[in-house]
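Down below is the structure, laid out as structure tokens.
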Amino acid sequence: MGKTGIIFKRELYAYFSTPLAYVFIVIFLVMNGIFTFDLGGFFIRGQADLQPFFSFHPWLYLFMIPALAMGLWADERKSGTIELLMTLPIRLRDAVLGKFLAAWVLSGIALLLTFPIWMTVNYLGSPDNGVILAAYIGSWLMAGGFLAIGSCMSALTRNAVIAFILTVAICFVFVSSGSPIVLNAFSGWAPQILLDAIATLSFLTHFDAINKGVLDIRDLLFFAAVITAWLLASAIVIEIKKAN
Amino acid sequence: MIEISHITRKFEHFTAVDDLSFSVAEGEVLGFLGPNGAGKSTTMKIITGFLAPSSGRVSIDGHDIAENPMSAKALIGYLPEGAPSYPDMSVISFLEFIADIRGLSGAQKQQRIEKVINDVELSSVCHQTIETLSKGFKRRVGLAQAILHDPKVLILDEPTDGLDPNQKHQVRNLIRNLAKDKIVIVSTHILEEVSAVCTRAIIINKGRIVADAAPAELEAAAPAEFIIESQASPGKLEAFFRSVTTAGAQ
Ligand SMILES: Nc1ncnc2c1ncn2[C@@H]1O[C@H](COP(=O)(O)OP(=O)(O)OP(=O)(O)O)[C@@H](O)[C@H]1O
Ligand SMILES: [Mg+2]
């Protein structure tokens, strides 16, 4: 097992040795239930797909993922264990990646545990399971994007609550930049190229595309790029700020 | 051999470590002394590669800590100030984690973990989560973690702080009985500890070295006006310590 794997294992173990993992999973499932069946009008729509389920995910992640990510580095600095970790013979990228992957896998477990919703829709009708699989992948990738932002914000401060608020704020910008409210505010006076650029950066635009069953390599690459960029930023921030 | 050459560390406009140079050879147990805020912990953070110096170099057994951090860090066992460890983990799983990172596996890993648990007497709290341990036990966990891979270089920032007298004695024995080819740097505010375990003492004040010699030599150099009558030899060392670190001295 590589060094990344050892860090990953410890982090995942830490999530499950505190109530955090269980609270996260339960709340995630309950919120999904409410959003899908109640607000999303899953039954009323009378369509055999999971559109209402997935279309709430960006907004659900907006508050849940920062809660998962806020402690990643802030706690490490607050308790001083960052000094222990950074003087062990590991590379910074092992630590950044191992921590990120542990949180990402936890969010993946929560996502997989929504399978009863998938079973329900298959019981009631015959949905396109390819589309559903694509949307699951898209949702998980989007969670990864949120988490990478959270990792960077958590590295900026030793206070987990501040990390939470910063993450929500930045994620909100990334989600909403593709929404009509923001785009309308720019349209009319801003050049089209800027409008396109803003919309391109939006998680919503790319996730909606995947959610419709179009598994375009560009949308996948978008999330991969977002994750990579924010993890790199995390590493840089940690390197600069670790001793303060 | 550890070689520290001209390290300086500035924070904003404040210089915590000021052009420090010294080297420590195999077999030496170096006591690192100085008043609060002298720069002891900062120096140790630089030696172990946690902090980058503003200028200067550190080389551990020929491995530059900045250029070759992986091989340098593999040689070092480090107890940071305050002995931080992961509060949610049990003692045993914490030590297993450190062993994994240190590349220990199989029978050797088990044997090393058992050995350090014995050395610092942790067997009674093995399965307890670290956050529920008393201060002294937390410190012992930090020590166990530092010596787990039987490192060539041991850097201990106030290892006996918060330990009971028996454990202090035990830890001093542990340091004394380390193999003779090891390099040890210990910081402490307990001066009789220096006489007891160290072969050499460096006193720093305001980030600069103000004395560097064997403890006995420092005792002998204590100026008469700092010696309070009827003090035993640890008292003399204290006298010397005060003479080089209090305002108006030197
Ligand atoms: N991150 C930091 N930012 C600003 N100043 C710092 C920082 N870290 C340390 N210092 C300052 O550097 C000086 C040296 O601190 P250091 O912790 O090395 O002292 P020390 O010799 O270990 O003291 P003690 O005996 O109290 O442990 C102190 O004045 C401290 O305030
Ligand atoms: Mg200190």
Side-chain angles (χ1 to χ4, degrees), chain A residues 1-24 68 71-99 102-103 106 155 158 160 235-244, chain B residues 9 11-12 16 41-42 44-54 60 63 65 68-90 93-105 129-131 138 141-142 145-146 148-149 151 153 155 157:
Chain A
M1 189 165 43
K3 299 276 165 83
T4 309
I6 298 166
I7 305 279
F8 166 79
K9 206 177 88 182
R10 199 211 75 77
E11 291 290 322
L12 199 61
Y13 169 98
Y15 280 129
F16 283 96
S17 64
T18 61
L20 182 62
Y22 307 99
V23 170
F24 179 83
L68 199 57
L72 277 180
W73 290 100
D75 287 353
E76 201 84 45
R77 286 223 269 138
K78 187 158 197 169
S79 67
T81 44
I82 189 163
E83 188 169 353
L84 186 78
L85 194 63
M86 294 292 128
T87 51
L88 289 170
I90 57 165
R91 293 186 173 83
L92 184 52
R93 67 155 188 266
D94 296 324
V96 171
L97 211 58
K99 278 170 169 288
L106 177 56
R158 64 170 55 216
I236 293 166
V237 170
I238 294 159
E239 192 56 50
I240 294 170
K241 295 205 59 161
K242 64 184 175 186
N244 291 8
Chain B
R9 173 70 204 208
F11 293 109
E12 311 280 302
S41 300
T42 307
M44 288 182 156
K45 284 174 193 180
I46 294 170
I47 297 174
T48 53
F50 178 61
L51 257 186
S54 310
I60 312 285
H63 305 282
I65 193 80
N68 214 345
M70 290 290 276
S71 25
K73 285 174 182 177
L75 292 171
I76 302 176
Y78 177 39
L79 171 71
E81 187 169 40
S85 52
Y86 292 103
D88 298 329
M89 298 184 98
S90 69
S93 49
F94 176 65
L95 292 178
E96 276 171 1
F97 164 67
I98 299 290
D100 288 339
I101 292 267
R102 293 290 187 184
L104 299 170
S105 62
T129 47
I130 292 175
E131 67 186 337
K138 281 183 190 151
V141 172
Q145 160 278 125
L148 186 59
H149 56 303
V153 177
I155 296 179
D157 202 346

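Every chain is numbered from 1 and lettered A, B, ... according to where its sequence line falls, protein lines coming before strand lines. These figures come from a predicted structure and were not determined experimentally.
- Interface residue A:T18: only side-chain heavy atoms are found under 4.5 Å from chain B.
- Looking at A:S17, only its side chain comes within 4.5 Å of chain B, counting heavy atoms on both sides.
- A donor-acceptor distance shorter than 3.5 angstrom exists from the side chain of B:K73 to the backbone of A:M86, with no hydrogens or angles considered.
- Proximity to chain A (any heavy atom under 4.5 Å) is restricted, for B:Q145, to the side chain, taken from C-beta onward.
- When heavy atoms are compared at a cutoff of 4.5 Å, B:P69 does not approach chain A at all.
- In this structure, A:Y13 has no ring-ring contact (aromatic ring centres under 6.0 Å, His included) partners at least two apart in sequence or on a different chain.
- Closest approach of B:F97 to A:L85, counting heavy atoms only: CZ-CD1, 4.4 Å.
- Of the two parts of B:I65, neither the backbone nor the side chain holds a non-hydrogen atom closer than 4.5 Å to a non-hydrogen atom of chain A.
- Of all the listed residues (B:L75, B:D88, B:I76), the one sharing the greatest number of non-hydrogen pairs under 4.5 Å with chain A is B:D88.
- Residue contact with chain A, scored on non-hydrogen atoms closer than 4.5 Å, is absent for B:S105.
- The minimum heavy-atom distance linking B:P84 with A:S79 is given by the pair CB-O, 3.5 Å.
- Nearest heavy atom pair, residue A:T87 against residue B:R102, reads O-NH2, 4.4 Å.
- Summarising the geometry, atom OH belonging to B:Y86 is positioned 10.5 Å from atom CG belonging to A:D75; distances are rounded to the nearest 0.5 Å.
- For chain A, the option among B:I101, B:I98, B:T48 with the highest count of heavy-atom pairs below 4.5 Å is B:I101.
- Proximity to chain B among residues 89-99 of chain A is limited to A:P89, A:I90, A:R91, judged by heavy-atom separations below 4.5 angstrom.
- Put simply, the side chain of B:E81 does not reach to within 4.5 Å of the side chain of A:E83, judged on heavy atoms.
- Within the 4.5 Å cutoff, no side-chain heavy atoms of A:L84 are placed close to those of B:Y78.
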A:K3 and B:D100: side chain to side chain contact (heavy atoms under 4.5 Å, CB included), yes or no, with the steps? CA-CA 8 Å; A:K3 299 276 165 83; B:D100 288 339; over 6 Å; no
